[in-house]
Amino acid sequence: MGVNLSGVIECREVDLGYLSGRKVTIDAYNTIYQFLSIIRQPDGYPLCDSKGRVTSHLSGLLYRTANLIESGIEPSFVFDGAPHELKRTTLDKRKTRRDDAEKEWEKAVREGDLKKAFTKAQQTSRMTDEIRDSSMRLLDLMGLPLIEAPGDGEAQAAYMCAKGDVWASASQDYDSILFGAPRLVRNMTITGRRKVPGRDEYRTVRTEIIESEEALKHIGLTREQLVDACILMGTDFNPGLSGIGPKRGIKLIKDHGSLEKALKHIGQDIPDYEDVRGIFLDGEYSDAYRLNPEDMDRDGVIDMLAGYDFTESRIVSALDKIDSARAANKAKRQQRSLDSWF
DNA sequence: CTCGATTA
DNA sequence: TAATCGAGG
């Protein structure tokens, strides 16, 4: 879920090609959830192989990553490590919501309400060990850099971005800004018109770039203060105060300068607020990572995905896309170094 | 979400 | 060539 900062964060829309030649590290869990939620059949069931294993995430990862690489992007994937104990409540709440949605999904299918079934099914998406393992295996076979974060993946992504090892962190959530990422990419997909399911409507989804420094200046807070504002409105690590959303949270910190003063003024308390601050401002991270792709194990990818009932011609065309993009980028790099020599 | 055959 | 839409696994 992450913090709710939509509407207060300034961004600029770009084409995917704008990211060409840049290393972008992707919040793997966030992306996989997206795939599990969206890549479904009309009744809400995810794509599965003949053995009943979910394959929605593998489909999404293969095809989207091929497109990103074709656009010249150099992707890497950060996976979450162990969740912080303060996230327990959020995780429990999500489980309850999933269980409730599952019952309503079954009911909607029985009643033949496909639209409702789809919506409810989307809310049942769950990251299992099998989904995590198969995702990592596929990305590894594709030669893509995987980073296993010691803690929150967004903290690790923000660290690599702040160090300048990657140009941006990619996620739908805004948390990496709180973790200190200088740059965030949202909607990193092939952009364009998207049909709204079940209706004759279209909306345009475009890739967004958020420059943290600019966004913070626009809001009028420092990063530390934005963290404080988010603690007031609630994060994955604390529930926040009721009735306080982005607008009020930001105003309270602007008016009073800090969380302590804001809390004193409204006469309320937030237990563990210092710990939550620490999670965002002194996050756990690792230096043991590589960000350059390796040669992909073509047969390995084909064997793996064929085992999940993927059509071989589709796998091959995605892999061809990657190979030719990598060859083209290699040629470009060689040309550049040749140019700089003369 | 993305693919790719079909359609205009 | 571009938009559309059912299928993918």
Side-chain angles (χ1 to χ4, degrees), chain A residues 13 15-17 19 24 26-73 75 77 105 109 112 114-115 117-128 130-139 141-142 144 170-173 185-208 300-325:
Chain A
E13 296 184 339
D15 292 327
L16 205 53
L19 301 171
V24 177
I26 297 169
D27 178 351
Y29 270 34
N30 185 269
T31 303
I32 291 167
Y33 268 119
Q34 218 90 24
F35 291 144
L36 292 174
S37 152
I38 292 161
I39 306 181
R40 284 172 184 270
Q41 302 169 74
D43 58 4
Y45 282 91
L47 295 188
C48 291
D49 69 2
S50 54
K51 292 173 187 151
R53 295 177 297 182
V54 174
T55 55
S56 298
H57 59 299
L58 300 175
S59 176
L61 285 172
L62 174 71
Y63 298 126
R64 182 182 289 177
T65 307
N67 283 326
L68 295 181
I69 294 171
E70 189 177 44
S71 296
I73 298 169
F77 291 81
W105 172 23
V109 170
L114 285 189
K115 208 167 148 190
F118 193 93
T119 317
K120 292 299 169 189
Q122 283 189 308
Q123 297 165 10
T124 67
S125 307
R126 191 169 148 258
M127 173 79 65
T128 60
E130 194 183 342
I131 288 170
R132 179 189 161 98
D133 293 348
S134 54
S135 298
M136 292 180 101
R137 184 155 156 254
L138 174 62
L139 294 169
L141 288 169
M142 290 167 80
L144 292 158
S171 177
Q172 291 305 101
D173 290 347
V185 182
R186 299 183 73 243
N187 304 334
M188 195 169 70
T189 64
I190 53 172
T191 57
R193 267 157 56 98
R194 289 282 158 70
K195 196 175 181 301
V196 178
R199 213 177 293 174
D200 265 347
E201 277 176 34
Y202 289 87
R203 70 199 170 100
T204 308
V205 179
R206 299 207 60 197
T207 303
E208 296 175 2
V301 174
I302 293 171
D303 283 350
M304 174 181 172
L305 293 180
Y308 283 97
D309 300 340
F310 277 63
T311 308
E312 182 159 340
S313 62
R314 285 189 173 212
I315 309 170
V316 167
S317 75
L319 297 185
D320 285 347
K321 230 184 230 185
I322 294 173
D323 271 341
S324 54

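Note that the structure is predicted; figures quoted are calculated from it, not measured. The sequence lines fix the lettering, A, B, ..., with proteins before strands; numbering per chain opens at 1.
Closest contact between the side chain of A:Thr55 and the listed nucleotides B:dC3, C:dG9, B:dC1 involves C:dG9. Picking from B:dC1, C:dG9, B:dT2 the nucleotide with the shortest atom distance to the side chain of A:Ile39 gives B:dC1. Closest to the side chain of A:Phe310, from the set C:dG9, B:dT2, B:dG4, is C:dG9. For A:Ser317, the listed nucleotide lying nearest its side chain is B:dG4; candidates were C:dG9, B:dC1, B:dG4.
Between A:Arg64 and the phosphate of B:dT2, there is a side-chain N or O to OP1/OP2 separation shorter than 4.0 Å. OP1 or OP2 of C:dG9 has at least one side-chain nitrogen or oxygen of A:Thr311 nearer than 4.0 Å. Look at A:Asn67 and you'll find a side-chain N or O under 4.0 angstrom from OP1 or OP2 of B:dC3. Taking 4.0 angstrom as the limit, A:Lys321 places a side-chain polar atom (N or O) nearer than this to OP1 or OP2 of B:dC3.
Rounded to an integer number of Å, the gap from A:Arg40 CZ to B:dC3 C1' is 20 Å. Atom P of nucleotide B:dC1 and atom CD1 of A:Ile190 are separated by 9 Å, given to the nearest angstrom. Going from atom CG of A:Asp309 over to atom P of B:dC3 covers 19 Å, rounded to whole Å. Going from atom OH of A:Tyr63 over to atom P of B:dT2 covers 12 Å, rounded to whole Å. Protein atom CG of A:Leu47 is 9 Å distant from nucleotide atom C1' of C:dA7, rounded to whole Å. For the pair A:Leu61 CG and C:dG9 C1', the computed distance is 14 Å after rounding to whole Å. Here the P atom of nucleotide B:dT2 and the NE2 atom of A:His57 are 16 Å apart, to the nearest Å. When the P atom of C:dG9 is taken as reference, atom CG of A:Asp43 falls 17 Å away, rounded to whole Å.
A:Ser50 comes within 4.0 angstrom of nothing in the nucleic acid, heavy atoms only. Residue contacts shown for A:Gln34 are absent, as no nucleic acid heavy atom lies under 4.0 Å away. Within the nucleic acid shown, A:Pro46 comes within 4.0 Å of at least one base atom, counting heavy atoms only.
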| Would A:Asp15 and A:Arg206 satisfy side chain to side chain contact (heavy atoms under 4.5 Å, CB included), going step by step from the backbone distance to the final call? | CA-CA 7 Å; A:Asp15 292 327; A:Arg206 299 207 60 197; 2.7 Å; yes
| Is there a side chain to side chain donor-acceptor pair (under 3.5 Å) between A:Asp309 and A:Ser50 once you walk through the steps? | CA-CA 7 Å; A:Asp309 300 340; A:Ser50 54; 3.0 Å; yes
| Does the side chain to side chain contact (heavy atoms under 4.5 Å, CB included) test come out yes or no for A:Asn67 and A:Glu70, once each step is laid out? | CA-CA 5 Å; A:Asn67 283 326; A:Glu70 189 177 44; 3.8 Å; yes
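For the pair A:Arg53 and A:Tyr308, the cation sits on the ring face: its NZ or CZ lies under 6.0 Å from the ring centre, inside 45° of the axis.
Every residue was checked against the salt bridge (charged side-chain N to carboxylate O under 4.0 Å, His left out) condition with A:Arg126, not counting sequence neighbours, and none meets it.
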